[in-house]
Amino acid sequence: FNMIKNLKNSTCQSFKLRIIYDPIDTFSYIERRKYNDWYSCVDTVISYNRKMSDFLTSWFPDADVVVIPHQWDARITGTAKMDKFRPAYIGHSFNWGYGNQGITMVTVTSVMRDAASEYNCHVSIRDPGSYQATIKPATKVSTAAAVGAICITTPDDSVVELLPKDYPFWCKDISDFQRVLKIAKQTFGGPVWHTALEMMKEVKEKTSLDTVAKMYKLL
């Protein structure tokens, strides 16, 4: 904190230090939701949706809050095969508290990136109204888009700014999951499925590293 503060107050004319903070999902976990002195030095905070921006403004009242979606991992390769319906949750187990839902669970960090293209139906379920639904970036949806898969997803605040209202595989909450999963399986390979894939293609472009980097340059 002192180092940043001293640099910010430096009279050096050769450069002007600007602090831009990307919180990822820091504030979505209560144990991490605490004020740090260095926050007062932040000039710009990255947000992933408009509702998150309101939250961040209360923590960084003197900083600019800019909405930039989080990019999918550019190291991801491969395209999901459309040979048969293959649903999976790919993420840490502590973000999934819903028990066995009859889908594949990929929860080991070291294999998640390679597993992305092995499944053509990704799953992202969060409790509506929770901090996770408001503050977490839409990385599960963008990862699915990166490999040409669909994603069954709750209407998290970051997701609804990427996918249209008529996306076929919105899921209200975990109680609605089995219904949507059944619809996804029944429509696999058909017109509804391909409509969803076209919508996901737009998400892939919106959250590509090239697109996001251009938004960073505007800062």
Under 3.5 Å, is there a donor-acceptor pair between the side chain of [X] and the main chain of [Y]?
{"X": "Thr134", "Y": "Met52", "value": "no"}
{"X": "Trp96", "Y": "Gly99", "value": "yes"}
{"X": "Ser130", "Y": "Ala133", "value": "yes"}
{"X": "Asn36", "Y": "Trp38", "value": "no"}
{"X": "His122", "Y": "Thr143", "value": "no"}
{"X": "Lys206", "Y": "Leu162", "value": "yes"}
{"X": "Glu161", "Y": "Arg50", "value": "yes"}
{"X": "Gln178", "Y": "Gln101", "value": "yes"}
{"X": "Ser142", "Y": "Ala138", "value": "yes"}
{"X": "Thr154", "Y": "Arg126", "value": "yes"}

Pairwise side-chain contact, [X] with [Y], heavy-atom cut-off 4.5 Å (strictly under):
{"X": "Arg113", "Y": "Asp73", "result": "yes"}
{"X": "Asp210", "Y": "Glu205", "result": "no"}
{"X": "Thr187", "Y": "Pro168", "result": "no"}
{"X": "Glu198", "Y": "His194", "result": "no"}
{"X": "Lys84", "Y": "Arg86", "result": "yes"}
{"X": "Pro155", "Y": "Lys172", "result": "no"}

Exercise for review: State plainly whether the residues Arg179 and Asp176 are in salt-bridge range, i.e. N to O under 4.0 Å.
Suggested key: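 Salt bridge: yes.
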Can we say Lys81 and Asp83 salt-bridge, meaning some charged N sits less than 4.0 Å from an Asp/Glu carboxylate O?
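Result for this pair is no, no salt bridge flagged.
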Determine whether [X] and [Y] fall in the same hydrophobic cluster, where Ile, Leu, Val, Met, Phe, Trp and Tyr are linked whenever their side-chain heavy atoms lie under 4.5 Å apart.
{"X": "Val159", "Y": "Phe177", "value": "yes"}
{"X": "Val212", "Y": "Leu56", "value": "yes"}
{"X": "Ile20", "Y": "Val66", "value": "yes"}
{"X": "Tyr119", "Y": "Tyr98", "value": "no"}
{"X": "Val67", "Y": "Tyr216", "value": "no"}

*Going through the distances and angles, do Trp170 and Val160 end up as a side-chain contact (heavy atoms from CB on, under 4.5 Å)?*
CA-CA 10 Å; Trp170 289 116; Val160 297; 3.9 Å; yes
Does the side-chain contact (heavy atoms from CB on, under 4.5 Å) test come out yes or no for Tyr167 and Thr195, once each step is laid out?
-> CA-CA 8 Å; Tyr167 178 69; Thr195 294; over 6 Å; no
Can you check side-chain contact (heavy atoms from CB on, under 4.5 Å) on Thr153 and Leu163, steps first, answer last? CA-CA 10 Å; Thr153 177; Leu163 283 168; 4.3 Å; yes
Could you tell me the separation between the [atom1] atom of [X] and the [atom2] atom of [Y], rounded to the nearest 0.5 Å?
{"X": "Ser117", "Y": "Ile76", "atom1": "OG", "atom2": "CD1", "answer": "8.5 Å"}
{"X": "Met82", "Y": "Cys121", "atom1": "CE", "atom2": "SG", "answer": "9.5 Å"}
{"X": "Lys34", "Y": "Ile30", "atom1": "NZ", "atom2": "CD1", "answer": "12.5 Å"}
{"X": "Ile24", "Y": "Thr139", "atom1": "CD1", "atom2": "OG1", "answer": "9.0 Å"}
{"X": "Tyr35", "Y": "Ser40", "atom1": "OH", "atom2": "OG", "answer": "4.5 Å"}
{"X": "Leu219", "Y": "Ile46", "atom1": "CG", "atom2": "CD1", "answer": "5.0 Å"}

Exercise. Phe60 and Tyr39: aromatic ring centres closer than 6.0 Å?
Worked result: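 Ring centres of Tyr39 and Phe60 closer than 6.0 Å.
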Ring centers of Tyr131, Phe27 separated by less than 6.0 Å:
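Ring centroids of Tyr131 and Phe27 are no less than 6.0 Å from each other.
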Using the rule side chain to side chain contact (heavy atoms under 4.5 Å, CB included), only one of Val180, Val123, Leu181 pairs with Phe169; which is it?
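For Phe169, the side chain to side chain contact (heavy atoms under 4.5 Å, CB included) check succeeds only for Val180.
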Item to complete: Only one of Thr104, Val106, Asn95 passes side chain to side chain contact (heavy atoms under 4.5 Å, CB included) with Tyr89; say which it is.
Response: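 The passing option is Asn95.
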Might you point out which heavy atoms bring [X] and [Y] nearest each other, and give the distance in Å?
{"X": "Gly91", "Y": "Met112", "result": "C-CE, 3.3 Å"}
{"X": "Ala144", "Y": "Ile150", "result": "CB-O, 3.8 Å"}
{"X": "Ala145", "Y": "Lys204", "result": "O-CD, 3.4 Å"}
{"X": "Lys136", "Y": "Ser158", "result": "O-OG, 3.0 Å"}
{"X": "Met200", "Y": "Val141", "result": "CE-O, 3.4 Å"}
{"X": "Leu197", "Y": "Ala149", "result": "CD2-C, 3.9 Å"}

Take Arg18 and Asp43, measure what salt bridge (Lys or Arg N to Asp or Glu O under 4.0 Å) needs, and give me the verdict at the end.
CA-CA 6 Å; Arg18 185 180 179 198; Asp43 298 297; 5.5 Å; no
**Message:** What I want to check is whether the side chains of Ser175 and Asp173 have a donor and an acceptor closer together than 3.5 Å.
**Reply:**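 Side chains of Ser175 and Asp173: pair found under 3.5 Å.
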Q) Taking atom types as modelled, is there a side-chain donor on Asp156 or Tyr48 under 3.5 Å from an acceptor on the other? A)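 Checked: Asp156/Tyr48 side chains show no N/O donor-acceptor pair below 3.5 Å.
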(request) Answer yes or no: does atom NZ of Lys51 have more than 12 heavy-atom neighbours from other residues, nucleotides or ligands under 6.0 Å? (result)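 Count not over threshold, so no.
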For Leu218, does the CG atom sit with more than 12 other heavy atoms under 6.0 Å from it, leaving out its own atoms?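 Yes - once you tally the heavy atoms of other residues, nucleotides and ligands closer than 6.0 Å, there are more than 12.
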Q: Specify whether His92 and Phe94 have parallel, tilted or perpendicular ring planes, treating 30° as the upper limit for parallel and 60° as the lower limit for perpendicular.
A: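 Rings of His92 and Phe94: parallel, as their planes differ by under 30°.
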- [ ] Apply side-chain contact (heavy atoms from CB on, under 4.5 Å) to Leu209 and Trp72, showing your working.
- [x] CA-CA 7 Å; Leu209 185 58; Trp72 47 268; over 6 Å; no
- Task: Test side-chain hydrogen bond (donor to acceptor under 3.5 Å, both in side chains) on Ser53 and Ser47 and set out the steps.
- Result: CA-CA 6 Å; Ser53 296; Ser47 173; 3.1 Å; yes
Practice task
Would you sort out whether Gln71 and Ser208 count as a side-chain hydrogen bond (donor to acceptor under 3.5 Å, both in side chains), showing the intermediate values?
Solution key: CA-CA 5 Å; Gln71 75 277 3; Ser208 70; over 6 Å; no
